[in-house]
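These values consider heavy atoms only, across backbone and side chains, with no hydrogens, waters or symmetry-generated copies.
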Amino acid sequence: LRLDPAFAPWLKYERGSLPGSGWWTHQYADAGGTGSSGDQRVKGQLDVVWYGEPGADKVPDRHLRNAAPLLINGRIIAQGLLYKQKKDILFSYDAYNGLPYWERELPGARRLNFPDPGGNIAANSSDVFIVAGPACHRLDLFTGLTRAIYKVPSEKQAEWSYLAVTDQRLIGGVARAPKRPLAPGRTISGFSEALFAIDLANGRPIWTHQAREIRDSAIACGDGRIYLIENNEKAAGEMPVAEEEPQLGDADTEGEKTPVDRLGEKKIPAANEPVFRTVLALDIATGGKIWEKSVDVANCGKLEGGAFGSISMLCKEPYLVLGGAHTPYGRPPADYPNRRILVLSTRDGSTVWTKSGGNKSRPIIIDDLLIAEPGIFKLATGEKATTISAKTGKTIDIPGIARSGGCGALSASACMVFYRAGNTGWRDIATGGYGAFSGLRPGCFINIIPAGGMAVQTEASSGCSCYYALQCTIAFTARKR
């Protein structure tokens with residue numbers, strides 16, 4: 001209870017976070033990109049709490065793969081689009097009952113074509129940070145009002161690419177502004193030529209790290225550090241212009257596109273050909289280099305631009321995970337057996353373990369487990385993950401993720417994985433239990449957010465002509481026993 005001095009007769013009661021709940025504050029849950037909120041309440045079987053608005057009229061077409069919503073302090077923050085007015089919007093609503101809080105227009109804030117670019121929205125307990133063009137807008141979490149605007153610290157024309165909030169610092173990327181419009185559906189190149197940090201206490205830039213080429217999908221923050229992959233092997237090329245860049249593929253009908261380099265030329269690397277990139281660790285406080293290491297990242301994901309397959313980096317101290325953010329739709333392509341997961345030590349970049357054999361989607365980390373769909377492995381060793389059978393009391397392998405009829409990436413709580421398998425699907429890793437909700441479908445990337453004791457599926461099936469009758473937002477919670 002808190003006594004408000006301006007209204008002495010009134011008492012204000014503020015309920016804190018639910019015990020064991022976690023939040024989703026970045027594109028892939030946290031600044032480390034683990035894909036897991038760590039929420040311990042979302043588990044077992046689920047029941048519907050509410051459904052309704054927002055609906056399909058506020059979100060982009062599913063094939064454009066909009067940015068993931070955030071969930072913090074019980075509030076969903078989502079990017080959207082008003083089709084008739086052709087306006088980019090940002091809106092917030094209550095995760096527990098769907099009550100709308102605020103909505104505002106923010107031109108240029110819509111980022112599409114994931115997983116190729118880095119996320120452009122992040123939040124902490126009081127603020128939302130959203131990138132639009134060359135600037136990052138700091139909004140009040142509770143009202144949506146602008147508190148500050150930060151510009152890219154670059155003397156030449158540039159755009160703000162990567163975004164993270166950690167250790168009271170705003171981490172950003174500098175991307176070269178395209179000379180001509182990008183292809184339809186593309187909102188940014190997916191590459192940066194510098195990283196920088198801004199002190200959130202005073203809004204001043206602290207440091208800038210220049211580079212020849214940084215892959216935005218392969219940047220992750222850890223304990224006082226930021227990890228990244230630089231291309232020091234050749235000069236960075238110009239991002240393809242509209243008529244040269246490969247068009248957005250329909251993930252439900254076309255699968256993955258032919259690999260291309262940044263000049264739009266076809267490039268099909270040999271399966272066993274090594275591809276070296278420099279992995280670095282920088283001090284978040286100073287930008288100073290802690291270590292760097294040349295690493296063979298062949299078959300760990302695409303280093304070129306393109307819709308699917310982008311190399312991704314995840315950080316869960318003391319490990320870094322590299323793997324491709326592929327699409328699970330359709331039959332496994334020819335490169336599937338060669339797809340590789342590489343785990344490095346955050347101490348010095350040395351290899352902890354590596355494994356080939358395919359992964360269908362972007363890997364995620366749940367506690368001490370790594371899920372590289374369909375496989376589930378021990379993060380520390382790469383061995384198959386095990387559990388104790390409730391029936392026999394013996395140690396058994398945890399069954400892998402088996403789904404069909406769905407594109408999109410995985411999202412997770414502390415023990416539960418969510419995905420599209422035609423309908424909305426989930427799997428409890430701890431118990432082996434699974435479930436589905438028929439009648440509506442998730443989007444083509446990430447829109448099921450398990451956090452705050454809830455699993456909120458913000459509508460993202462706009463434009464779908466499949467046999468799913470419902471296009472709305474729906475929220476689940478753990479079934480009471």
Novice: Tell me the salt bridge (charged side-chain N to carboxylate O under 4.0 Å, His left out) pairs involving residues 316-326, sequence neighbours left out?
Specialist: none
Novice: Applying side chain to side chain donor-acceptor pair (under 3.5 Å), name anything that partners S389, two or more places apart in sequence or on another chain.
Specialist: T392
Novice: Verify side-chain hydrogen bond (donor to acceptor under 3.5 Å, both in side chains) between R340 and T354, making sure each step is shown before the conclusion.
Specialist: CA-CA 7 Å; R340 186 165 66 105; T354 186; 3.0 Å; yes
Novice: Restricting to non-hydrogen atoms, name the atom on A451 and the atom on W24 that form the minimum distance, rounded to 0.1 Å.
Specialist: CB-N, 3.9 Å
Novice: Side chains of T386 and T395: do they bring a donor and an acceptor to under 3.5 Å?
Specialist: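 Side-chain D/A pair, T386 to T395: absent.
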Novice: Does any N or O in the side chain of D428 come within less than 3.5 Å of the main-chain N or O of G44, such that one atom is a donor and the other an acceptor?
Specialist: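 It does hold such a pair.
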Novice: Using the side-chain contact (heavy atoms from CB on, under 4.5 Å) rule, pick out the option among D296, V343, L344 that qualifies with T351.
Specialist: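 Going through the options one by one, the only one that passes is L344.
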Novice: Could you name each residue pair satisfying salt bridge (charged side-chain N to carboxylate O under 4.0 Å, His left out) that touches residues 379-391, not counting sequence neighbours?
Specialist: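 Found K378-E383.
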Novice: Is S461 reaching over with its side chain to a backbone N or O of Q471, donor-acceptor style, under 3.5 angstrom?
Specialist: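 Not at all, since once roles are kept as given, no pair shorter than 3.5 Å links the two residues.
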Novice: W23: which residues meet the ring-ring contact (aromatic ring centres under 6.0 Å, His included) condition with it, sequence neighbours left out?
Specialist: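 Counting only residues at least two positions away or on another chain, W23 forms no ring-ring contact (aromatic ring centres under 6.0 Å, His included).
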Novice: Side chain of R225, backbone of T346: donor and acceptor closer than 3.5 Å?
Specialist: yes
Novice: Can you check whether I448's main-chain N or O pairs, donor with acceptor, with S411's side chain at less than 3.5 Å?
Specialist: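 Checking the backbone N and O of I448 against the side chain of S411, a donor-acceptor pair under 3.5 Å is found.
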Novice: Tell me whether R169 forms a cation-pi arrangement with F196, defined as NZ or CZ under 6.0 Å from the six-membered ring centre and within 45 degrees of its axis.
Specialist: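 No; the conditions do not both hold, so R169 does not lie above the ring face of F196.
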Novice: Are there more than 12 heavy atoms of other residues, nucleotides or ligands under 6.0 Å from atom OH of Y434?
Specialist: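 Not more than 12 within 6.0 Å, no.
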Novice: Kindly write out the residues that satisfy side chain to side chain donor-acceptor pair (under 3.5 Å) with S350, not counting sequence neighbours, or none if the list is empty.
Specialist: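 For S350, the residues satisfying side chain to side chain donor-acceptor pair (under 3.5 Å) (neighbours in sequence not counted) are D348.
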Novice: What is the minimum heavy-atom distance between L320 and C315, and which atoms define it?
Specialist: CD2-CB, 3.7 Å
Novice: Can a donor-acceptor pair be found, under 3.5 Å and without considering hydrogens, that links the side chain of T387 to the backbone of I398?
Specialist: no
Novice: Who are the salt bridge (charged side-chain N to carboxylate O under 4.0 Å, His left out) partners of R427, not counting sequence neighbours?
Specialist: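 Salt bridge (charged side-chain N to carboxylate O under 4.0 Å, His left out) list for R427, sorted by chain: empty.
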Novice: A side-chain contact here means heavy atoms from C-beta on lying under 4.5 Å apart; do V165 and I171 qualify?
Specialist: no
Novice: The criterion is ring-ring contact (aromatic ring centres under 6.0 Å, His included); which residues satisfy it with F476, sequence neighbours excluded?
Specialist: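 Only W426, F437 meet the ring-ring contact (aromatic ring centres under 6.0 Å, His included) criterion with F476.
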Novice: On a heavy-atom basis, which atom in N338 and which in S356 lie closest, and how many Å separate them?
Specialist: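 Taking N338 first and S356 second, the nearest heavy atoms are O-OG, 4.1 Å.
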Novice: Is the number of heavy atoms from other residues, nucleotides or ligands within 6.0 Å of OH (Y101) greater than 12?
Specialist: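 Enclosed.
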Novice: Y93 ring centre to R75 NZ or CZ under 6.0 Å, with the angle to the axis within 45°?
Specialist: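 No, R75 does not sit over the ring of Y93.
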Novice: Can you sort out the partners of Y150 under side chain to side chain donor-acceptor pair (under 3.5 Å), two or more places apart, ordered by chain and number?
Specialist: R138
Novice: Is the side chain of R420 donor-acceptor paired with the backbone N or O of P442 at a distance under 3.5 Å, no angle test?
Specialist: no
Novice: Report yes if some heavy atom in the side chain of L228 is under 4.5 Å from a heavy atom in the side chain of L195; otherwise report no.
Specialist: yes
Novice: For H209, give me all partners under side chain to side chain donor-acceptor pair (under 3.5 Å), at least two apart in sequence or on another chain.
Specialist: E230
Novice: Taking R111 for the side chain and P117 for the main chain, is one N or O donor matched with an acceptor at less than 3.5 Å?
Specialist: no
Novice: Counting distance only, does the side-chain N/O of N447 pair as donor-acceptor with the main-chain N or O of T458 below 3.5 Å?
Specialist: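 Present.
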Novice: Between R215 and D116, is the closest basic N to carboxylate O distance under 4.0 Å?
Specialist: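 Result for this pair is yes, salt bridge flagged.
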Novice: Looking at F191, is its backbone amide N or carbonyl O close enough to the side chain of D216 to form a donor-acceptor pair, meaning the two atoms are under 3.5 Å apart?
Specialist: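 The answer is yes, because a donor-acceptor pair under 3.5 Å joins these two groups.
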Novice: With sequence neighbours excluded, give me every salt bridge (charged side-chain N to carboxylate O under 4.0 Å, His left out) pair touching residues 24-52.
Specialist: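 Applying salt bridge (charged side-chain N to carboxylate O under 4.0 Å, His left out) to every pair that reaches into residues 24-52, excluding sequence neighbours, yields D47-R479.
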Novice: According to ring-ring contact (aromatic ring centres under 6.0 Å, His included), does anything in residues 105-140 pair up with another residue at least two apart or in another chain? List the pairs.
Specialist: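 Not a single pair qualifies under ring-ring contact (aromatic ring centres under 6.0 Å, His included).
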Novice: Is it the case that the side chain of S345 and the backbone of R347 share a donor-acceptor pair, with hydrogens and angles ignored and the cut-off at 3.5 Å?
Specialist: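 Side chain of S345 to backbone of R347, a donor-acceptor pair under 3.5 Å: yes, one is there.
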Novice: Got a second to check how far E459's CD is from D57's CG, nearest 0.5 Å?
Specialist: 9.0 Å
Novice: Taking NZ, NE, NH1 and NH2 as the nitrogens, is one of them in E53 or K58 under 4.0 Å from a carboxylate oxygen of the other?
Specialist: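 Judged by the 4.0 Å cut-off on N to carboxylate O distance, E53 and K58 do not form a salt bridge.
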Novice: Check salt bridge (charged side-chain N to carboxylate O under 4.0 Å, His left out) between K355 and all other residues, then give those that pass, not counting sequence neighbours.
Specialist: none
